[in-house]
Amino acid sequence: MLADRVAPAACAAVVKADGYGLGAIPVGHALIKAGCRTFFVATPGEGAALRKAIGRGATIGVLDGYLDDAVPAYRTHALAPVLSEPGQIAAWERDRPDDGRAFVHVDSGINRLGLSPADWRALAGREGIAERLGLAGVISHLACADVPEHPQNPHQLATFRAAMAALAVPLQASFANSSGIFLGRDYHFDLARPGAALYGVNPTPGRGNPMRPVVRLLGRILQVRHIDRGEAVGYGAAFIAPGPRKLATVAVGYADGLHRSASNRGHVLCQSHKAPIVGRVSMDMMTIDVSDVPDLAIRPGLAVEVIGPGHDVDAAAADAGTIGYEILTSLGRRYRRRYHRDGAFADEPGA
Ligand SMILES: *Cc1c(COP(=O)(O)O)cnc(C)c1O
């Protein structure tokens, strides 16, 4: 869907942080199948793991750049560093294998990574620089793409356009992250770089989510109990029952990425009904109030929906006072993970 939206520009995929917590390798396989040929990861280690899984047919850009403690990995795994400062550029120019490819990151106003416009102009003016660095493209990153009316968007756009104009030879330009894609054609350039939207996070906050949910997280009820008015629940006795209550203890806690900030504030879906989280979320479990869930079948073993179509990743983020990105990248390692592929679910490869 994103590729169609940006065509004729190409669409890369950002699979850093283990595919935003969902598994860079199964995600990478699915994206290759969907036609993706350029991936971005954060670190050389992530790049090496992805390369081993997907083979040689795609470009893998490493957003952290060219790191001196991982030099052999770029060569062994054909990783393309995204060069963002002069020291990295000099080191890459010296070390680069004959067929080595790289991107350059130009800062257009986020002040996080990227060459300053002045450093970029100096580099872009050097004769034959694209060949010497094996440049596959130039990227820049938006700070406020999720706020379409933010004046920094057109400002960064103008800065990036000027940066591209400084080049003597045309190179692939890449600007838009997920939300940037939805700012319109002007922001698409040659290669979009969505991450979050691929994983179902709403790239247009405050408006309807154009993406479909891709992750569903179920938690198992371990125990059901009834408490009376005045009884306290969980650590710190942070919830006091205002009346008789039916509670269920669910085996998902903050060690599984259910943020503690959702204590006494978030909810899950139990048999499609909202069940509030009561008391503090603890390491391995949380307690939910199922008093208003009209189902006698609430019993140990029943699964409740912590994230899913009825309570999506953005809603779970709002419950915890964070963003969908942090919800996904916090998902713990002890879930049984199953992937939908070719019409069926299968366990994570190797699980
Ligand atoms: C993480 C990242 C992206 C992807 O951003 P989303 O908002 O997840 O689409 C793109 N480009 C760079 C440089 C990034 O760091």
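Whatever order the structure lists them in is the order used to number ligands and atoms, beginning at 1. Small disclaimer: the values here were computed from a predicted structure and weren't measured.
Val138 places a side-chain heavy atom less than 4.5 Å from the side chain of Trp120.
Of all protein heavy atoms, the one closest to atom 11 (N) of ligand 1 is Arg193 NE, 3.0 Å. Atom 8 (O) of ligand 1 has as its closest protein heavy atom Tyr20 OH, 2.5 Å. Among protein heavy atoms, atom 14 (C) of ligand 1 sits closest to Lys16 NZ, 2.9 Å. If you check which protein heavy atom lies closest to atom 9 (O) of ligand 1, you get Ser178 OG, 2.5 Å. Summary of contacts: the protein heavy atom closest to atom 5 (O) of ligand 1 is Asn177 CB, 3.5 Å. In terms of protein heavy-atom proximity, atom 7 (O) of ligand 1 is closest to Tyr325 OH, 2.6 Å.
Between Asp99 and Arg75, none of the side-chain N atoms (NZ, or NE/NH1/NH2) sits under 4.0 Å from a carboxylate O, so this pair counts as no salt bridge. Residues Arg216 and Glu305 are paired through a salt bridge, judged by an N-O separation under 4.0 Å between the basic side chain and the carboxylate. Using a 4.0 Å cut-off between a side-chain N of Lys or Arg and a carboxylate O of Asp or Glu, Asp347 and Arg337 do not qualify as a salt bridge.
Under the 3.5 Å distance criterion, with hydrogens and angles disregarded, no donor-acceptor pair is assigned to the side chains of Ser108 and Thr159.
For the pair Leu63 and ligand 1, the shortest N or O to N or O distance does not fall below 3.5 Å. Below 3.5 Å of separation, one finds no N or O of His105 facing any N or O of ligand 1. Between Ala197 and ligand 1, no N or O atom pair is found at a separation short of 3.5 Å.
Every atom of ligand 1 is numbered from 1 in the order shown, and the set under 4.0 Å from a heavy atom of Arg112 is 15 (O). Near Ala196, meaning under 4.0 Å from any of its heavy atoms, are these atoms of ligand 1: 6 (P), 8 (O), 9 (O).
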**Study point:** side chain to side chain donor-acceptor pair (under 3.5 Å) evaluation trace for His141 with Asp107
**Key:** CA-CA 7 Å; His141 194 47; Asp107 177 35; over 6 Å; no
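In Val82, neither the side chain nor the backbone holds a heavy atom less than 4.0 Å from any atom of ligand 1. Residue-level proximity to ligand 1 for His141 is carried by the side chain, the only part with a heavy atom below 4.0 angstrom. Residue contacts with ligand 1 for Pro194 involve N, CA, C or O but no side-chain atom from C-beta outward (heavy atoms, distance under 4.0 Å).
Tyr339 and Phe345 have their aromatic ring centers separated by at least 6.0 angstrom.
The aromatic rings of Phe175 and Phe160 sit parallel to each other, their planes meeting at less than 30°, with 60° as the upper class boundary.
Judged by distance alone, with hydrogens and angles left aside, the side-chain atoms of His105 form no donor-acceptor pair with the main-chain N or O of Phe103 at under 3.5 Å.
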